[in-house]
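For this chain, numbers begin at 1 and follow the sequence in order.
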Amino acid sequence: MTAVTQPTPLPQPVTALSHDEARRIALRAQGLLGAPDRRAGVRGVLRHLGAVQLDTISVLARSHELVPYARLGAVGRTAVEAAYWSTAPSDAPAPRPHSFEYWSHAACILPIEEWPHFAFRRRARRAKGHRWHVMEDSERSCAAVLDRLKADGPLTTSELGGGRNGGEWWDWSETKIAVEWLLDTGEVVCTRRRAWKRVYDLAERAVPDALLHDDLDDSTCIRRLVAQAGAAMGVATRADLADYHRLKAEQVDAVIADSGLVPVEVEGWGKPAWADPAALAAPPRGRHRTTLLSPFDSLIWDRPRTERIFGFTHRLEAYVPRPRRIHGYFAMPLLAGGRLVGRVDPAREGTTLIARQVSMQDSKAVAPMAQALREAATWVGCDDVRVERCDDRRLATALRTELTRTSDQ
């Protein structure tokens with residue numbers, strides 16, 4: 001008779017949280033409740049969040065710029081880029097990088113200190129042998145890329161010889177396939193972008209010696225990333241923890257007991273949850289940020305979690321055919337009073353910020369929406385705001401009135 005393996009019983013929750021408490025813990029953990037840490041600045045935001053997602057879409061600004069803006073306010077856009085990507089005069093040695101780009105939740109900017117903790121993913125890529133493309137002669141192609149980088153220093157794909165064969169965007173050249181493979185496996189690293197192009201360098205040259213190793217085993221790496229995700233979210237289910245750095249559920253299960261996170265029960269969640277002990281040490285208090293959020297902001301990038309915490313269903317419609325869009329190309333949720341109370345699809349036309357499509361929960365969202373639009377407009381160098389469409393005529397009139405009132409102040 002075959003013995004049946006019994007599942008490991010879940011530990012008893014150390015405390016019970018109301019739905020509202022969990023929401024406020026999540027906001028504080030994400031840096032959107034309480035006084036912003038302006039001294040730590042953009043780099044502090046990156047270290048705290050653990051990952052800032054990159055995306056090609058630029059409406060008001062690119063997503064990695066919008067993330068610190070949402071938390072710190074109108075920090076200069078050039079200052080944001082400088083904080084992420086190290087730069088130096090051409091005659092100076094390369095400075096210690098503050099970040100690197102790699103695959104986390106998606107393509108993300110990550111604190112350079114986390115380089116050793118992604119060794120498990122680099123090993124997995126090497127073991128698989130390829131990603132999306134297969135090279136015709138991997139040994140020759142990779143050697144050619146490494147030789148160029150060694151001889152000429154950091155280079156973009158164009159400088160290495162070009163990224164495409166002349167067809168569609170996915171029709172990569174052999175050189176592009178090789179350098180991306182070397183990025184995946186850790187021989188090459190991207191520690192900055194230039195005009196949105198990755199600048200590739202040898203990892204041995206770009207990553208500080210103390211961090212340049214893959215000595216940590218998979219369990220150690222994953223345990224660190226689960227703990228970091230838990231701290232960045234405050235309170236989370238297993239699925240939330242897995243999604244943050246795109247881990248597998250079984251990977252989370254294997255390390256959760258030793259991650260330092262503690263089991264909690266959250267009203268209405270219906271699933272086991274874990275919290276960062278620091279998040280439970282003191283009740284979340286302070287001023288809520290009023291701001292527009294990038295759809296790729298880590299507060300809301302996990303759509304099921306966003307709906308569970310905020311009762312707010314969000315969908316990126318950039319890749320939805322225009323006639324089928326409901327809220328617009330790049331609808332940005334409005335965060336006000338610790339809740340998601342509306343959204344706007346923004347655009348720029350000269351020095352005018354255009355709210356192409358607006359929706360608001362109710363009249364209480366009008367003043368916060370006007371404030372958020374005005375602040376965003378100023379940040380990107382616009383001096384006027386124009387509302388094109390709103391799904392509620394009465395609220396549209398109120399919003400235009402509020403924008404006119406605030407423009408006169």
What's the separation between atom [atom1] in [X] and atom [atom2] in [Y], rounded to the nearest 0.5 Å?
{"X": "Glu113", "Y": "Leu46", "atom1": "CD", "atom2": "CG", "value": "8.5 Å"}
{"X": "Arg246", "Y": "Cys108", "atom1": "CZ", "atom2": "SG", "value": "8.5 Å"}
{"X": "Thr185", "Y": "Arg125", "atom1": "OG1", "atom2": "CZ", "value": "10.0 Å"}
{"X": "Asp297", "Y": "Leu49", "atom1": "CG", "atom2": "CG", "value": "7.5 Å"}

* Asked: Between Arg205 and Pro154, which heavy-atom pair has the shortest distance, and what is it?
  ->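 Closest heavy-atom pair between Arg205 and Pro154: NH2-N, 4.1 Å.
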* Determine the minimum heavy-atom distance between Leu334 and Ala372, stating which atoms define it. =>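 Shortest heavy-atom separation between Leu334 and Ala372 comes out as CD1-CB, 3.7 Å.
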Can you confirm whether [X] sits close enough to [Y] that some side-chain heavy atom of one is under 4.5 Å from a side-chain heavy atom of the other?
{"X": "Leu225", "Y": "Ile222", "result": "no"}
{"X": "Leu241", "Y": "Met233", "result": "yes"}
{"X": "Asp391", "Y": "Val358", "result": "no"}
{"X": "Cys390", "Y": "Met360", "result": "yes"}
{"X": "Trp85", "Y": "Glu101", "result": "yes"}

My understanding is that only residues two or more places apart in sequence, or in another chain, count here; which of them pass side-chain hydrogen bond (donor to acceptor under 3.5 Å, both in side chains) with [X]?
{"X": "Glu114", "result": "His117, Arg224"}
{"X": "Asp258", "result": "none"}
{"X": "Thr191", "result": "none"}
{"X": "Arg121", "result": "none"}

* To do: Could I get the full list of ring-ring contact (aromatic ring centres under 6.0 Å, His included) partners for Trp379, not counting sequence neighbours?
  =>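 ring-ring contact (aromatic ring centres under 6.0 Å, His included) list for Trp379, sorted by chain: Tyr69.
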* Asked: Partners of Trp115 by ring-ring contact (aromatic ring centres under 6.0 Å, His included), sequence neighbours excluded?
  ->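 Only Phe100 meet the ring-ring contact (aromatic ring centres under 6.0 Å, His included) criterion with Trp115.
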Side-chain donor-acceptor contact under 3.5 Å, [X] with [Y]:
{"X": "Gln30", "Y": "Ser298", "answer": "yes"}
{"X": "Ser63", "Y": "Asp55", "answer": "no"}
{"X": "Thr306", "Y": "His314", "answer": "no"}

* To do: Please find out if less than 6.0 Å separates the ring center of Tyr84 from that of His64.
  =>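 Under 6.0 Å, so yes.
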* To do: Step by step, work out the ring pair (Phe, Tyr, Trp, His ring centres under 6.0 Å) result for Phe118 and Trp103.
  => CA-CA 9 Å; Phe118 283 85; Trp103 303 103; over 10 Å; no
Quick one: does any side-chain atom of [X] pair with a main-chain N or O of [Y] as donor and acceptor, under 3.5 Å?
{"X": "Glu307", "Y": "Phe312", "value": "no"}
{"X": "Arg339", "Y": "Ala336", "value": "no"}
{"X": "Glu388", "Y": "Gln357", "value": "no"}
{"X": "Arg122", "Y": "Asp184", "value": "no"}
{"X": "Ser294", "Y": "Phe296", "value": "yes"}
{"X": "Tyr329", "Y": "Asp345", "value": "no"}
{"X": "Arg193", "Y": "Arg198", "value": "no"}

Enumerate donor-acceptor pairs with a distance under 3.5 Å from any side-chain N or O in residues 269-276 to protein atoms, sequence neighbours excluded.
none

With sequence neighbours excluded, residues passing side-chain contact (heavy atoms from CB on, under 4.5 Å) with [X]:
{"X": "Ser18", "result": "Asp20, Glu21, Glu267"}
{"X": "Arg194", "result": "Thr156, Glu159, Arg192, Val199"}
{"X": "Ala249", "result": "Arg238"}
{"X": "Arg374", "result": "Asp384, Val385, Leu403, Thr406, Ser407"}

* Within 45° cone and under 6.0 Å: Arg62 NZ/CZ vs Trp196 ring ->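 Here Arg62 passes the 6.0 Å and 45° test against Trp196.
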Answer yes or no: does atom [atom1] of [X] have more than 12 heavy-atom neighbours from other residues, nucleotides or ligands under 6.0 Å?
{"X": "Glu349", "atom1": "CD", "answer": "no"}
{"X": "Asp362", "atom1": "CG", "answer": "yes"}
{"X": "Arg315", "atom1": "CZ", "answer": "no"}

* Which residues share a salt bridge (Lys or Arg N to Asp or Glu O under 4.0 Å) with Arg140, sequence neighbours left out ->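 Arg140: salt bridge (Lys or Arg N to Asp or Glu O under 4.0 Å) contacts with Asp137.
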* Asked: Pick from Leu60, Leu293, Thr291: which one makes a side chain to side chain contact (heavy atoms under 4.5 Å, CB included) with Met332?
  ->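 For Met332, the side chain to side chain contact (heavy atoms under 4.5 Å, CB included) test succeeds with only one of Leu60, Leu293, Thr291, which is Leu60.
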